[in-house]
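Single-structure report; data block below.
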Protein chains: 2
Amino acid sequence: MVAYTLSDDEVDRIFKALADRTRRDIVRRTLIAEASISELAKEYEMSFAAVQKHVAVLEAADLVARTPRGRERIILGNPDAIRRAQQLLGQYETIWRGRIDRLDALLSEDK
Amino acid sequence: MVAYTLSDDEVDRIFKALADRTRRDIVRRTLIAEASISELAKEYEMSFAAVQKHVAVLEAADLVARTPRGRERIILGNPDAIRRAQQLLGQYETIWRGRIDRLDALLSEDK
DNA sequence: AGTATATGCAACCATTTGGTTTCATGTTAA
DNA sequence: TTAACATGAAACCAAATGGTTGCATATACT
C-alpha cells in the first residue's frame, strides 16, 4: 500500500476537474473504452473546441492520457489518479475516526 | 451497503467544494473538532468574510453542518458526505475493471 | 493534387469564484 | 446600558471558467 503524496495544486486540479458533469462523463467513457476527441465531441451538445478544453483540463489533472494516433488523439481514462483521489478522501475518514475516539475516551473517563 | 444516489448538481457541489485547499483544511479541522467561524478565521490569512463564504460553500455541499450556539455558529465536518464522494469514485474503479475484463476476454478468445 | 477530417489555438464573451471593505444586527459581558 | 464580539449580507473587483467562432495545420482518402 503505497502512500501517494499529492501536492495541494495536484489535489486542486483533480477535484476541480471532477467538479463538472461533462468531464466526469468523459472520464467514465474513457475508462470503459478509448475514444478520440471527435468521437467524444459527438456525445455532447457543445462545440468540438469546448470538449477539447474539457479533455485538456482532465489531462492536466492526469485523469486521462492523450496519445496521438495518426491524425487523431486517443483519450484513455487513468484509474490511478481516481484511486489517489479516493485514498485522499479515505484520509478524512481516518481523521474523523480520531474525533470519535477522543469523544469516546471523554465519555468513559471518570465513569 | 446503501447505494446513495447523488444528483449531478450535488456531485458538482461536493467536488467544487473540495477543489479549494482552504475549504479542504476547514473540513479537516472540523472533522477533528468543532469550531466557530471566527475560530476558523484566525487560522487563515484572509478576512473573516472570506472564511464565512468558504463555510457557506461547504455547507451547501453538505460537507459541514452549521449549528447556532449563542452568538456563534458551530461548524462540524460531516463524514457522510465525504464517504458518498468516496463511493462515487469507487464506481469509476468498477467501470474501469469492466474495461480490463473485456480486454482480457479479447486476448483469450481464439487463442 | 485536392478535399475532407481531426486537432490546436487564439480571441472573445458572460458568468462564477475568491477575495475585499463596509455596514447592520444579534448576543454576551462589564 | 454600553462596549465588545460573532455573524450576515451587500457592493465591488480581478481572475478563472465554460462556452463560442474563426483560422491554421497535420493527416488521410480518392
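Everything numeric here is computed off the predicted structure, so don't read it as measured data. Letters go in sequence order (proteins before strands), and every chain restarts at 1.
- If you measure from atom CD of B:E39 to atom C1' of D:dC5, you get 13 Å, rounded to the nearest angstrom.
- Using a 4.0 Å heavy-atom cutoff across all strands shown, A:T22 reaches no nucleic acid atom at all.
- Nearer the 5' end of DNA chain D, as judged by each residue's closest nucleotide, is the contact made by B:R66, out of B:R66 and A:K16.
- Under a 4.0 Å N-O distance rule, the pair B:D80/B:R84 does not qualify as a salt bridge.
- Within 4.0 Å (heavy atoms only), A:R21 reaches no atom of the nucleic acid at all.
- When the nearest nucleotides of DNA chain D are assigned to A:R71 and A:A49 by heavy-atom distance, the more 5′-ward of the two goes with A:A49.
- Look at NZ on B:K53: it is 11 Å from P on D:dA10, rounded to the nearest Å.
- Between A:S38 and C:dT7, a side-chain N or O to OP1/OP2 separation shorter than 4.0 Å is present.
- Between the CZ atom of B:F48 and the P atom of C:dT25 there is a distance of 17 Å, given to the nearest Å.
- OP1 or OP2 of C:dG8 lies within a sub-4.0 Å distance of a side-chain N or O belonging to A:Q52.
- Atom OH of A:Y44 is separated from atom C1' of D:dG18 by 15 Å (rounded to the nearest Å).
- Here the C1' atom of nucleotide C:dT25 and the CZ atom of B:R73 are 11 Å apart, to the nearest Å.
- When the C1' atom of C:dA6 is taken as reference, atom CG of A:L40 falls 13 Å away, rounded to whole Å.
- When rounded to the nearest whole Å, the span between CG of B:D8 and P of D:dG18 equals 15 Å.
- Note on A:R69: nothing from the nucleic acid sits closer than 4.0 angstrom, heavy atoms only.
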Under the salt bridge (charged side-chain N to carboxylate O under 4.0 Å, His left out) criterion, do A:D9 and B:R21 qualify, and how do the steps go? CA-CA 8 Å; A:D9 281 342; B:R21 64 199 67 186; 2.6 Å; yes
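- Taking atom CE of A:M46 as the reference point, atom P of D:dT21 lies 13 Å away to the nearest angstrom.
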